[in-house]
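First comes the structure, then the notes that go with it.
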Amino acid sequence: MSRFGEVDDQYDPHALEQRVFDYWDDVDAYEQTVEHRSDGESFFFVDGPPYTSGSAHMGTTWNKTLKDVYLRFFRMQGYDVTDRPGYDMHGLPIETRVEEQLGFENKKDIEEYGEENFIEACKEYAEEQLEGLQEDFQDFGVWMDWSDPYKTVRPEYMEAAWWGFSKAAERGLVEKGHRSISQCPRCETAIANNEVEYEDVEDPSVYVKFDLADREGSIVIWTTTPWTIPANTFVAVDEEGDYVGVRAEKDGEEELLYVAEAKHEEVLKEGRYEDYEIVEELTGEELIGWSYDHPLAEEVPDHPDHEGAGEVYAADYVDTGGDGTGLVHSAPGHGEEDFERGRELGFPIFCPVGSDGVYTDEAGKYEGQFVKEADDEIIADLEDNGALLASGTVHHSYGHCWRCDTGIIQIVTDQWFITITDVKDELLENIEDSEWHPDWARDNRFRDFVEEAPDWNVSRQRYWGIPLPVWTPEGRDDDEDRIVIGDREELAERVDQDVDPDEVDLHKDTVDDLTITEDGTTYTRVPDVFDVWLDSSVASWGTLDFPEDDSKFEELWPADFILEAHDQTRGWFWSQLGMGTAALGEIPYEEVLMHGHALMPDGRAMSKSKDILIDPHEAIDRHGRDVMRLFLLSNNPQGDDMRFSWDGMQTMEDHLRTLWNVFRFPLPYMRLDDFDPQETTLEDVDGDLELIDEWVLARLQSTKAEMTEHFEDRRQDKAVDALIEFVVEDVSRFYVQAVRERMWEEEDSASKEAAYATIYRVLRETVALLAPYAPFITDEIYGTLTGDAEHDTVHMCDWPEIEEYWVDEQLEEDVAFLRAIEEAGANARQQAGRKLRWPVPRVVVAADDDRVAEAVERHTDLLAERLNAREIELVSAEDRWEELQYSAEADMSELGPAFGDRAGQVMNALNEARIDEPDLDLLEEAVSDVLEEGESIEESMVSFVTETPADIAGTAFGLNGDDRGVAYVDASLTEDIESEGYAREVIRRVQEMRKDLELDVEERIALDLEIDDDRVADLVAEREDLIREEVRADELRAVEDDDGHRKEWDVDGVTMEIAVEPLAAAEASD
RNA sequence: GGGCCGGUAGCUCAAUUAGGUUGAGCGCCACUCUGAUAAGGUGGAGGUUCUCGGUUCAAAUCCGAGCCGGCCCA
């Protein structure tokens, strides 16, 4: 790019971004940037792999954009950053998508289609989706190593999972177990508890009487899953709970029922009993050992009737005050807690339900029925048996399969586990080795989750996943004798078949056929695949292609930084901790930045399936990539959700437009004067810098300091707020306003050079500071500013450092005061009805303290210029202006203790009081009505506030909400002031006409001026020279209408006719 | 049902760490200014600080109960 070249008048994000994309391509900007940092200290970032189904949504976009801003920041700080993106490509979600596409309904369809074909179809689907995501992420301007993402379906990655699992096995943390698990009957596989999604559904709600065997009456249980009653093995009570025996009457018959004391009224109401009487009070302990008859004994002949079955036991999962009856139907073949308690009691586990949710022959009369569909028949049978106390329905949340939305069932099956409960203490200790932003996420939420985490069921009875690398002896189904393979080399060595470790694909269709024969025993592979969460859990070494490639593991592992949304506490934050600890005894990441979710503008969660979403592509279409990124990044990244807002997007576009305008403002002048920032540096013009230059440079230093601090706190949102404030408030609204006249100067001047050098430095550093956020606009600005003198891209720049030389806190504060005074002065001017164009003879600044007075004294000229005042008069804190009146402002922290509940009343009286002197006695007198005997107003309770006199306009100014003084504008008129005022009115109108004619700034004109009012005409004539200079009028003469532009103006009731004629180009040049 | 986070102007958020007359930006309305500006300036409207109760002279802030939203767990 050529330095100071022509740029677009308007900030046009789409055209600009397209240019920058092309430019990046041309100069290999990303590759150069990576290379530029290759000698830096290494920084190991690990990308939490997005799942390859569907396109990028706003949440993914926010996540990747956050990653991008931090990676760019770390690069600018000199680090050699590992930025390999990843994709999570296995698992049930993809299987169900492919099943849908192929029109499959269950596993049998897959078997018919062929495992190999199905796996191939899944792979194709995942790769297709991956391409879409890759394109999206690149389109968002995210710089990661898109040429070489890690993919969980590649052999070297699958091997990383095998390796981790085998390490855990070596530590004795792998076992095959008979467990109660959540099963999706459609997918016919176990699913993890954290894959269960809860939805409100209508289910049966039945109260069942279990007839007591050795005594009169029955115990009453409640369940919403009648289909589990065939497997009832025992009833649980709370040992310490209170229970009652109730003699209840219905339809003339009497029954003795046992329920929890707290629930008896509710239960009897459900059963529509007409009358009842408590006849017995007993504790849970007394119920223990009672035996009862299975309510479906005839229908299910194989029902549990072993030693100890059909009796009452204590269990800690019973709550006599909760739902139900205080007596809990327990079926160890189904419920997780029931299962645990059943095992404690040494019971055999009875589960008459297959993996497809259909009753087996053990279920007797119900054999062959899908469990949920058998509910009605079971309820009817219970009724026939006289066991049904009440039957209805209940609305409650029930678990569903996260992929296919089928209601899950709890059954007991054989699964493989990583027994992380054996290393729970180690997990909790390892948490301490990680730093989290925000910290409560680690110490509350994550710790709670880890403390309660059960063993990790890693096996799935599916196809599209990493096969378990476990071989067991043919025909045996325990884990006593097993072989766990750690990598492809080992596989090739030990299997009976000929396998090339470099070529072998590790998917199920390949490895299922491999056998191992050792010591005369033949081993076959366990047919399961891994839970897909295990895939990404090994990302910290999978990213490095370890164990295949061990060149970087030692140096880089564990990860320095990971960044994901809060749903990953149960997901990736957890799975990595579990796997890292099981395999290596360490947490695989050192720092976590946990962000929230992207919500709709109205606060609802976004949902693709319900079509409630904001598409990032639409956001880009409307405002461009930089704006979208800036908006996303201006949200708190720590734990809080982000509400999307089109207003917020528009605001960011406004800010970028302001930056664009600030940037392009000095370009024509610099170009005209051949300004060369390499030859004329800030240091060279140091002696010519004006106060305002030094001020903006000081502000630049504190902005850098503030930003760096916020970045280090992982609050990039606060960092960018500080930068935007600097650009918009300080540079655009103040500095540029102040230096315009210097840049307009036609002659070469030291002052102009100083301004060039200053704004150049400000812009040059600003684009570096903004580069991680808005990589497109900053690169174009950078290119235009630097030409060939620096890097090819702004993203190779170092993060700007604070230059102590330019730091000046006093100056910053001085100007903050001046700006406050200026603002107050502008306000006062408006009250007095005097435009800024018209000079005022005098502005009086009444300072409340010496600090303000110092600031005014030091910068009187600047203040006079900004307020267009002939004179600034300072009234110091000790002096006072006798024309003023005073009122008092109350300090509630003093008033409260002194006046108690009358403090508010006293405050109001003080606020309303008007006195001539700021004197406590006068004040006390003014508020005497609300004071009681012996009370007084103390100095500490009030501060006096000046009240504006009628003839002069005054406005208070302050800093950070504290009043520090008042600016009074004396708006009286003199002939001299009127002369300048009217002259400025003329100038302004001529300028507008020049603009209408689209005259070049340099172009010379002839001016024709006729003013109706003689007095005004004379006043204007006094300032003829000023007018001619300002509007570049070489001639004052009559202008023919057809040669120029003529217009009649009304200036405060005075009619002025102005005509402008551009002079020939030859005459215009000097 | 439990845990965590949040609820303050139309919108996005500050002020909650140590209780003391609720603020900013954006948007809106009016006026104004304009030789970088689809800009800028000044003013205005806009608040039961989610609700109820408690502590206190005084609560957005502390305590209790509840409501709403989000995430997690069951």
Side-chain angles (χ1 to χ4, degrees), chain A residues 9-11 193-194 196 198 319 322-323 336-337 396-397 399 438 440-441 443-449 452-453 565-571 574 594 596-597 599 601-605 631 634-636 638-648 650-655 657-658 660-669 717 721 724-725 728-729 732-734 736-737 740-741 743-744 822-824 826-831 835-837 889-904 907-908 910-911 955 960-961 987-988 990-992 994-995 999-1001 1030-1032:
Chain A
D9 280 356
Q10 300 291 334
Y11 168 51
N193 285 336
N194 56 26
V196 176
Y198 289 83
D319 171 14
D323 291 339
E336 204 172 322
E337 291 170 314
H396 68 155
S397 70
W440 54 257
D443 296 331
N444 298 333
R445 187 191 279 236
F446 193 51
R447 174 170 291 278
D448 290 352
F449 183 84
E452 286 179 15
H566 48 35
D567 55 349
Q568 298 302 334
T569 40
R570 70 162 182 179
W574 157 244
M594 185 191 88
H597 278 184
L599 305 181
D602 60 9
R604 286 177 302 169
F631 169 76
S634 66
N635 281 279
N636 184 343
Q638 296 193 15
D640 285 354
D641 290 335
M642 174 216 32
R643 263 201 210 196
F644 188 84
S645 154
W646 289 111
D647 266 3
Q650 185 59 53
T651 302
M652 285 304 160
E653 185 178 330
D654 293 345
H655 291 329
R657 181 174 300 110
T658 300
W660 185 257
N661 289 326
V662 168
F663 148 68
R664 83 189 183 89
F665 152 70
L667 292 182
Y669 310 106
D717 58 319
D721 281 353
I724 288 171
E725 165 120 1
V728 174
E729 291 292 333
S732 174
R733 292 185 190 164
F734 199 72
V736 169
Q737 293 297 329
R740 286 148 70 131
E741 299 210 19
M743 298 218 179
W744 297 339
E822 181 191 340
E823 202 172 298
N827 183 336
R829 265 178 168 278
Q830 183 148 330
Q831 284 179 43
K835 307 169 190 179
L836 188 59
R837 269 205 297 279
E889 189 174 351
D891 181 348
M892 283 310 285
S893 62
E894 296 288 340
L895 245 51
F899 295 101
D901 58 359
R902 285 171 36 250
M907 175 192 77
N908 286 332
L910 289 169
N911 283 346
T955 300
N960 307 322
I987 291 166
R988 181 15 230 114
V990 175
Q991 301 294 26
E992 191 169 324
R994 286 184 59 115
K995 202 176 182 184
L999 296 189
D1000 195 83
V1001 173
E1030 289 288 318
V1031 305
R1032 293 184 160 86

Atom pairs, N/O to N/O, protein against nucleotides 11-14 of chain B, distance under 3.5 Å?
| unit_1 | atom_1 | unit_2 | atom_2 | d |
| --- | --- | --- | --- | --- |
| U12(B) | OP1 | R643(A) | NE | 3.3 |
| U12(B) | OP1 | R643(A) | NH1 | 2.8 |

Might you list the N or O atoms of the protein lying below 3.5 Å from N or O atoms in nucleotides 1-4 of chain B, with each pair's distance?
| unit_1 | atom_1 | unit_2 | atom_2 | d |
| --- | --- | --- | --- | --- |
| G3(B) | O2' | D448(A) | OD2 | 3.2 |
| C4(B) | O2 | R445(A) | NH2 | 3.3 |

Practice task
Assign each of H655(A) and V1031(A) to its nearest nucleotide of RNA chain B by heavy atoms, then name whichever residue's nucleotide is nearer the 5' end.
Solution key: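 Upstream on the strand: H655(A).
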Practice task
Name the residue closer to the 5' end of RNA chain B, choosing between E452(A) and V662(A) according to the nucleotide with the nearest heavy atom.
Solution key: V662(A)
Among residues at least two apart in sequence or on other chains, which ones pass side-chain hydrogen bond (donor to acceptor under 3.5 Å, both in side chains) with [X]?
X: N635(A); result: none
X: R994(A); result: none
X: E729(A); result: R733(A)
X: E725(A); result: none

Between [N] and [M], how far apart are the two [atom1] atoms, rounded to whole Å?
N: U48(B); M: C11(B); atom1: P; answer: 12 Å
N: A15(B); M: G70(B); atom1: C1'; answer: 23 Å
N: A65(B); M: A24(B); atom1: P; answer: 36 Å
N: C71(B); M: A30(B); atom1: P; answer: 42 Å
N: C4(B); M: A9(B); atom1: C1'; answer: 29 Å
N: U8(B); M: C52(B); atom1: P; answer: 16 Å
N: U56(B); M: C63(B); atom1: P; answer: 16 Å
N: C72(B); M: G20(B); atom1: P; answer: 36 Å

Exercise for the section: Kindly say if Y669(A) contacts the phosphate of A36(B), meaning a side-chain N or O under 4.0 Å from OP1 or OP2. Expected result: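 Yes.
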For a quick test of reading the model, state the closest non-hydrogen atom pair linking [X] to [Y] and the distance between them.
X: R664(A); Y: D9(A); result: NE-O, 3.0 Å
X: G648(A); Y: S645(A); result: N-OG, 2.8 Å
X: F631(A); Y: R643(A); result: CZ-O, 3.6 Å
X: A565(A); Y: M594(A); result: C-CG, 4.1 Å
X: R445(A); Y: H566(A); result: NH1-O, 3.9 Å
X: V736(A); Y: S732(A); result: CB-O, 3.7 Å

Completion exercise
Sorted by chain and number, sequence neighbours left out, ring pair (Phe, Tyr, Trp, His ring centres under 6.0 Å) with H655(A) holds for none
Completion exercise
The ring pair (Phe, Tyr, Trp, His ring centres under 6.0 Å) partners of F734(A) (sequence neighbours excluded) come to W695(A)
Extract from the structure each pairing of a protein N or O with an N or O of nucleotides 38-40 of chain B at less than 3.5 Å, listing the distance.
| unit_1 | atom_1 | unit_2 | atom_2 | d |
| --- | --- | --- | --- | --- |
| A38(B) | OP1 | Q10(A) | OE1 | 3.1 |
| A38(B) | N7 | Q10(A) | OE1 | 2.8 |
| G40(B) | OP1 | R733(A) | NH2 | 3.1 |

Roughly how many Å is it from [atom1] in [X] to [atom2] in [N], rounded to a whole number?
X: D721(A); N: G23(B); atom1: CG; atom2: P; result: 21 Å
X: L599(A); N: G6(B); atom1: CG; atom2: C1'; result: 10 Å
X: R570(A); N: G70(B); atom1: CZ; atom2: C1'; result: 14 Å
X: L667(A); N: U37(B); atom1: CG; atom2: C1'; result: 14 Å
X: F665(A); N: U37(B); atom1: CZ; atom2: C1'; result: 11 Å
X: Q650(A); N: C28(B); atom1: CD; atom2: P; result: 10 Å
X: F449(A); N: A74(B); atom1: CZ; atom2: C1'; result: 12 Å

Return the nucleotide paired to [N]: Watson-Crick means purine N1 to pyrimidine N3 with N6-O4 or O6-N4, wobble means G-U with N1-O2 and O6-N3, both under 3.5 Å.
N: C62(B); result: G54(B)
N: C28(B); result: G44(B)
N: U21(B); result: none
N: G6(B); result: C68(B)
N: U37(B); result: none
N: U16(B); result: none

Practice task
Apply side chain to side chain contact (heavy atoms under 4.5 Å, CB included) to M743(A) and F665(A), showing your working.
Solution key: CA-CA 10 Å; M743(A) 298 218 179; F665(A) 152 70; 3.9 Å; yes
Exercise for the section: Could you pull out all residues at least two apart from D721(A) that satisfy side-chain contact (heavy atoms from CB on, under 4.5 Å)? Expected result: none
Exercise for the section: State which residues pass side-chain contact (heavy atoms from CB on, under 4.5 Å) with Q638(A); sequence neighbours excluded, sorted by chain then number. Expected result: H437(A), P438(A), L593(A), N636(A), R714(A), R715(A)
Problem - 4.5 Å side-chain heavy-atom contact, I724(A) and M652(A) - result: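 Yes - at least one pair of side-chain heavy atoms lies under 4.5 Å apart.
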Below 3.5 Å is the cut-off: list the nitrogen or oxygen pairs between protein and nucleotides 18-20 of chain B, distance only.
| unit_1 | atom_1 | unit_2 | atom_2 | d |
| --- | --- | --- | --- | --- |
| G20(B) | N3 | M892(A) | O | 3.3 |

Practice task
Assign R1032(A) to base, sugar-phosphate, or nothing according to its heavy-atom contacts below 4.0 angstrom with the strands shown.
Solution key: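 The answer is base, as R1032(A) lies within the cut-off (heavy atoms under 4.0 Å) of a base atom.
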